[in-house]
Amino acid sequence: MEEKIWKDHYVLLNKDEENELQSTKLHDLVEEHNKVQVTVCTKNEGFKELESRYLVPGDVFLLDGKKLSLPCDAVLIDGSCIVNEGMLTGESIPVMKTLLPLTESLEPWKAHSMEDYRRHVLFCGTEVIQAKSSGRGPARAVVLQTGFNTAKGDLVRSILYPKPLNFQLYRDAFKFIVGLSAIGVLGLIYTVCVFTYHKKPVADVVAMALLLLTVAVPPAIPAALTTGIVYAQRRLKKKKIFCITPQRINICGQINLVCFDKTGTLTEDGLDLWGILPSEGSRFQKIHKFPSSSPLPWGPVCGAMASCHSLVVLDKKVQGDPLDLKMFEGTHWEIEESSTARNTAGAIAACIVRPGPNASSAPVEGIAILHQFPFSSGLQRMSVVSQKIGEEQYDLYMKGAPETVSSFCRQETVPSDFLEELKTYTSQGFRVIALAHKVLSLPEDVDVGDLEREEVESGLEFLGLLVMENRLKPETKPVLRELAAARIRSIMVTGDNLQTAVTVARNAHMIHEDSKVIIVEASEPEGSAPASIAWRLAEGSKTSAAAPNEVCAHAQEKITLEGEGCHYHFAMNGKSYQVLVKHFYSLLPKILLNATVFARMSPGQKSSLVEELQKLNYYVGMCGDGANDCGALKVAHAGISLSEQEASVASPFTSQIPNIQCVPELIREGRAALVASFAVVKYLTLYGLIQFVGTALLFWQLQIFGNYQYLMQDVVITLLVCLTMSLTEAYPKLAPYRPPGQLISPPLLLSVVLNVCFTIAMQTCGFLLVKQQPWYVALASWRHCSLRNHTLLPTGPGENSTSSSAQSTVLSYEDTTLWPLSSINCIIVAFVFSKGKPFRKPIYTNYVFSAILTLQLAVCLFLFLADMDAVYSGMQFLCTPVIWRVYVLLMLLVTFCVSFFTEDVLLQNKHLWMLIKTCVGYQSKSQYRKWQQMLQRDPNWPPVNTKDFAARSTAEVYINPSYEHRD
């Protein structure tokens with residue numbers, strides 16, 4: 001397709017066909033959009049209908065009519081059109097598409113279009129709002145791709161087949177279940193041996209063996225991992241944060257680095273017009289600030305601001321680039337779509353601007369914009385050819401990057417202090433645009449539409465500087481400060497220019513005011529010269545005479561956790577990043593450890609950056625609002641979209657509140673959900689093992705808990721605990737460390753093992769001590785309790801002839817002792833594991849859970865202590881003396897105190913674990929930790945004011961697959 005433009009046949013889109021997607025099934029999306037009936041017509045037959053079929057690459061079709069939803073990717077070869085293309089270009093406004101230049105060229109069209117090829121491409125799913133002919137013929141486009149090969153199809157495919165979640169929690173849960181299964185198998189073997197030794201029937205042996213096997217492995221463990229997620233998702237929804245991939249909520253609890261887009265995320269969506277610094281006689285004049293009580297006076301500056309833009313009127317509303325819109329509004333002029341504006345060559349379509357009622361008086365009726373040379377990121381400028389209504393003179397107005405515009409101006413018109421004034425405003429974070437003007441002298445036979453920009457863009461007069469302000473959102477600074485306090489790194493990834501990005505990062509305190517910024521500038525190989533990389537201090541960073549390794553205040557704290565305390569930051573643009581990836585890949589991890597600003601980044605480079613950070617074992621969050629962030633939002637561990645448009649389709653999380661307050665909220669809820677998941681898993685494990693130990697002890701005497709006793713433990717206690725334990729909300733303050741992300745970790749395993757030991761000790765103690773009591777008998781039947789002395793009338797074996805064999809296996813003093821010990825112990829571990837601060841609020845704030853624990857404890861105590869025949873008969877208990885019940889309660893109290901102290905004071909003590917890690921010389925397995933330790937020992941890092949070259953050998957050149965994109 002890139003080698004040839006098909007011109008043999010045309011395709012007229014059938015306007016009667018409904019192009020909008022009707023099916024709600026995601027997998028049908030691309031197929032439905034591809035099945036658009038068209039009418040194929042040959043050039044010679046004058047667009048006569050021949051047949052109806054589907055679009056295929058190479059078809060040339062007419063952009064006929066308005067509100068046309070495109071079913072394919074296509075390149076515009078004639079005319080121009082206005083499209084709503086936010087889904088794939090990152091534009092949130094209608095954009096102008098122009099025809100492909102040099103269509104007759106033999107070289108591939110992308111080669112001569114350079115990086116601006118997107119200006120000529122119509123992407124699938126976008127809507128053509130308005131089409132204009134070029135004068136040579138109707139607006140036409142060539143089909144490039146259809147179906148899943150289109151840009152939209154590629155997005156849908158990434159949604160259908162997302163990157164698999166590779167979170168340690170889910171892998172460890174499986175290992176946990178395997179471990180419990182092994183314990184269950186040991187219990188099975190134990191049961192078979194005991195019951196076989198006593199020569200019990202095979203059916204009883206099998207039934208009891210399977211019972212002990214299943215007791216050890218609670219089947220609710222997989223479901224328990226989701227309870228915290230479900231409740232966290234519900235809480236996030238109340239905070240206007242919506243989630244389409246709930247499994248990622250737990251992963252949010254591990255985030256230690258967040259990438260932010262700038263415009264619309266950290267800063268306000270649009271630019272505000274701050275002021276105009278006009279130039280006259282090669283000197284800057286007094287600045288005109290906005291808003292002002294007096295309108296901008298008429299002159300070349302006003303003419304440039306009123307006409308040098310790409311604004312259009314759609315549905316009686318002016319739409320276009322926010323910068324153009326703010327600039328035009330500052331003049332108080334009005335814009336209208338005019339029918340024609342005459343020139344010597346005839347009548348052509350034009351846009352007319354006129355002074356509004358609030359504008360300053362002007363000696364002209366209006367200005368007709370006859371031709372546009374659209375803005376190009378490569379050229380960094382745009383120009384328009386205009387004509388004052390009623391006059392024959394043509395004017396060329398230009399606006400763009402100040403350095404670029406000044407190079408097209410006559411040097412005698414550029415003020416001598418131009419660079420100083422420019423630096424003054426850019427260093428304050430303003431966006432500065434330069435304006436220029438030229439009177440065109442055109443022959444009568446020249447058509448304005450045929451002008452080439454290279455012919456007319458020269459010898460201009462410098463008009464002045466337009467100063468735009470991009471304010472930080474009020475929530476930005478507090479949120480970034482909160483993340484920094486929690487030792488979560490913040491990185492800016494933007495498409496804006498580097499100087500502006502660095503300034504905004506400083507203003508947002510993403511870079512501390514005392515920190516130094518090192519600009520990394522990498523260049524591609526040129527001729528025989530290899531690729532190079534230069535390191536220089538950014539303007540505004542104080543030059544230090546110290547050695548490079550003294551850029552940080554303290555060598556031993558040079559690189560600390562998440563970069564906190566480090567006094568230097570790297571900044572670079574997208575081109576330098578691409579060169580680093582290709583030619584200096586070994587340096588990339590070192591730079592990424594302290595890189596804070598990435599400017600002029602393309603969507604593919606944003607995705608690549610997130611992946612490179614993930615390779616360093618960072619858990620990366622990405623927050624953005626545009627479609628150009630879609631790739632990075634999808635790749636990140638937690639992508640947060642601030643837009644409800646296309647970005648929300650790709651990202652797991654979408655915030656309806658368009659500021660970054662959602663980031664700490666999501667991290668808080670992620671941490672709470674992660675801790676809650678661990679707590680429920682630990683509880684279920686202990687519940688199973690507590691029941692396992694009690695049942696195993698009873699099996700030693702061929703006894704078993706009663707049906708109602710099991711029912712109380714399984715339903716009344718455990719089920720309600722699992723359903724309500726995760727209701728505890730997130731703690732409002734982010735802790736400066738993360739919760740453990742692994743089930744198979746020393747604190748968690750120790751917690752489980754120690755509590756199992758406490759359970760074994762307590763239940764074994766109760767099991768043995770009850771046998772030593774003077775009132776104990778090995779085989780007893782239920783008798784009424786004497787309310788006077790609370791004693792039991794023991795009976796001999798022969799006196800219980802009416803009791804069934806099943807009842808005799810339940811009615812025992814061992815069962816009556818072990819049931820309260822195991823049941824109340826389940827309540828104890830539920831309370832102990834419901835840890836509050838630092839990741840969740842205290843347990844008493846979870847009113848439902850607290851009430852249920854209290855009620856469960858009261859019910860268990862009532863069943864154990866009540867001297868009621870109906871209760872004892874129903875629960876199959878034996879009546880015991882009051883003093884023994886006191887002993888049982890004392891054992892439970894001791895177990896609670898020991899368990900609470902162990903869990904809260906020892907196992908959850910962060911400082912104690914840090915001390916243990918230091919003593920044993922523990923080394924983190926995270927790649928970024930290893931690189932930090934390496935750089936601490938490197939006296940020559942970071943380099944400043946130096947230049948390095950890549951090795952000439954090209955045997956191994958790293959190519960990131962993100963750059964191998966068909967676009």
Side-chain angles (χ1 to χ4, degrees), residues 88-90 110 115 117-118 151 154-155 157-159 161-164 166 255-262 265 377 489-498 501 519-524 531 533 569-641 647 650-652 927-928 931 950 956-967:
L88 299 154
T89 62
K110 285 186 186 178
E115 70 271 13
Y117 75 90
R118 285 177 175 269
D154 191 46
L155 175 62
R157 184 165 46 196
S158 70
I159 298 170
Y161 308 105
K163 184 180 178 181
N166 187 23
I255 286 177
N256 55 359
L257 184 148
V258 184
C259 298
F260 293 99
D261 184 31
K262 183 180 76 69
T265 302
S377 58
R489 275 187 65 188
S490 298
I491 289 178
M492 182 188 296
V493 188
T494 177
D496 209 338
N497 109 356
L498 184 59
I519 305 295
V520 180
E521 296 176 335
S523 303
E524 291 276 5
I533 179 171
H569 300 262
F570 290 119
M572 70 187 77
N573 59 26
K575 290 182 179 179
S576 296
Y577 173 77
Q578 186 168 347
V579 174
L580 280 173
V581 170
K582 289 184 178 180
H583 303 284
F584 297 93
Y585 193 66
S586 61
L587 280 177
L588 191 61
K590 296 182 180 181
I591 294 173
L592 292 183
L593 285 181
N594 289 93
T596 304
V597 176
F598 294 85
R600 297 297 187 200
M601 296 285 281
S602 69
Q605 289 168 345
K606 290 183 179 183
S607 301
S608 170
L609 174 63
V610 171
E611 289 179 340
E612 295 299 336
L613 290 168
Q614 288 173 334
K615 288 178 184 177
L616 294 175
N617 300 128
Y618 280 111
Y619 280 89
V620 183
M622 173 71 195
C623 185
D625 69 327
N628 51 356
D629 302 315
C630 280
L633 290 170
K634 194 69 181 175
V635 171
H637 289 106
I640 312 164
S641 168
S651 61
Q927 290 297 319
Y928 71 91
W931 280 105
E956 290 188 21
V957 177
Y958 176 83
I959 303 296
N960 192 303
S962 294
Y963 297 109
E964 302 302 311
H965 194 272
R966 57 179 177 75
D967 287 342

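Computed over heavy atoms, backbone and side chain alike; hydrogens, waters and symmetry mates excluded.
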Ala638: partners by side-chain contact (heavy atoms from CB on, under 4.5 Å), with sequence neighbours left out
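Cys252, Ile255, Phe653.
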Is there a side chain to side chain contact (heavy atoms under 4.5 Å, CB included) between Gln614 and His637? Walk through the geometry before answering.
CA-CA 9 Å; Gln614 288 173 334; His637 289 106; 3.5 Å; yes
Aromatic plane relationship, Tyr577 with Phe598 - under 30° parallel, 30 to 60° tilted, over 60° perpendicular:
perpendicular
Interatomic spacing from [atom1] in [X] to [atom2] in [Y] - rounded to 0.5 Å:
X      : Y      : atom1 : atom2 : value
Asn594 : Arg489 : CG    : CZ    : 6.0 Å
Ile533 : His583 : CD1   : NE2   : 11.5 Å
Tyr928 : Leu257 : OH    : CG    : 9.0 Å
Leu580 : Met572 : CG    : CE    : 5.5 Å
Asp261 : Met601 : CG    : CE    : 11.5 Å
Leu609 : Ile491 : CG    : CD1   : 6.0 Å

Identify the two heavy atoms, one from [X] and one from [Y], that lie closest to each other, and give their separation to 0.1 Å.
X      : Y      : answer
Ser576 : Ala522 : OG-N, 3.1 Å
Phe260 : Ser490 : CE1-OG, 3.8 Å
Val620 : Cys259 : CG1-SG, 4.1 Å
Ala636 : Val610 : CA-CG1, 3.7 Å
Ala571 : Leu498 : CB-CD1, 4.1 Å
Val579 : Ser523 : CG1-O, 3.6 Å

So among Lys606, Gln605, Lys262, which one has a side-chain contact (heavy atoms from CB on, under 4.5 Å) with Val493?
Lys606
Walk me through it: do Tyr618 and Leu593 pass the test side chain to side chain contact (heavy atoms under 4.5 Å, CB included)?
CA-CA 10 Å; Tyr618 280 111; Leu593 285 181; 3.6 Å; yes
Under a 3.5 Å distance rule, please check whether Glu612 uses its side chain to pair with a backbone N or O of Val581 as donor and acceptor.
no
What do the steps show when you test Arg600 against Lys575 for side chain to side chain contact (heavy atoms under 4.5 Å, CB included), and what is the final call?
CA-CA 8 Å; Arg600 297 297 187 200; Lys575 290 182 179 179; over 6 Å; no
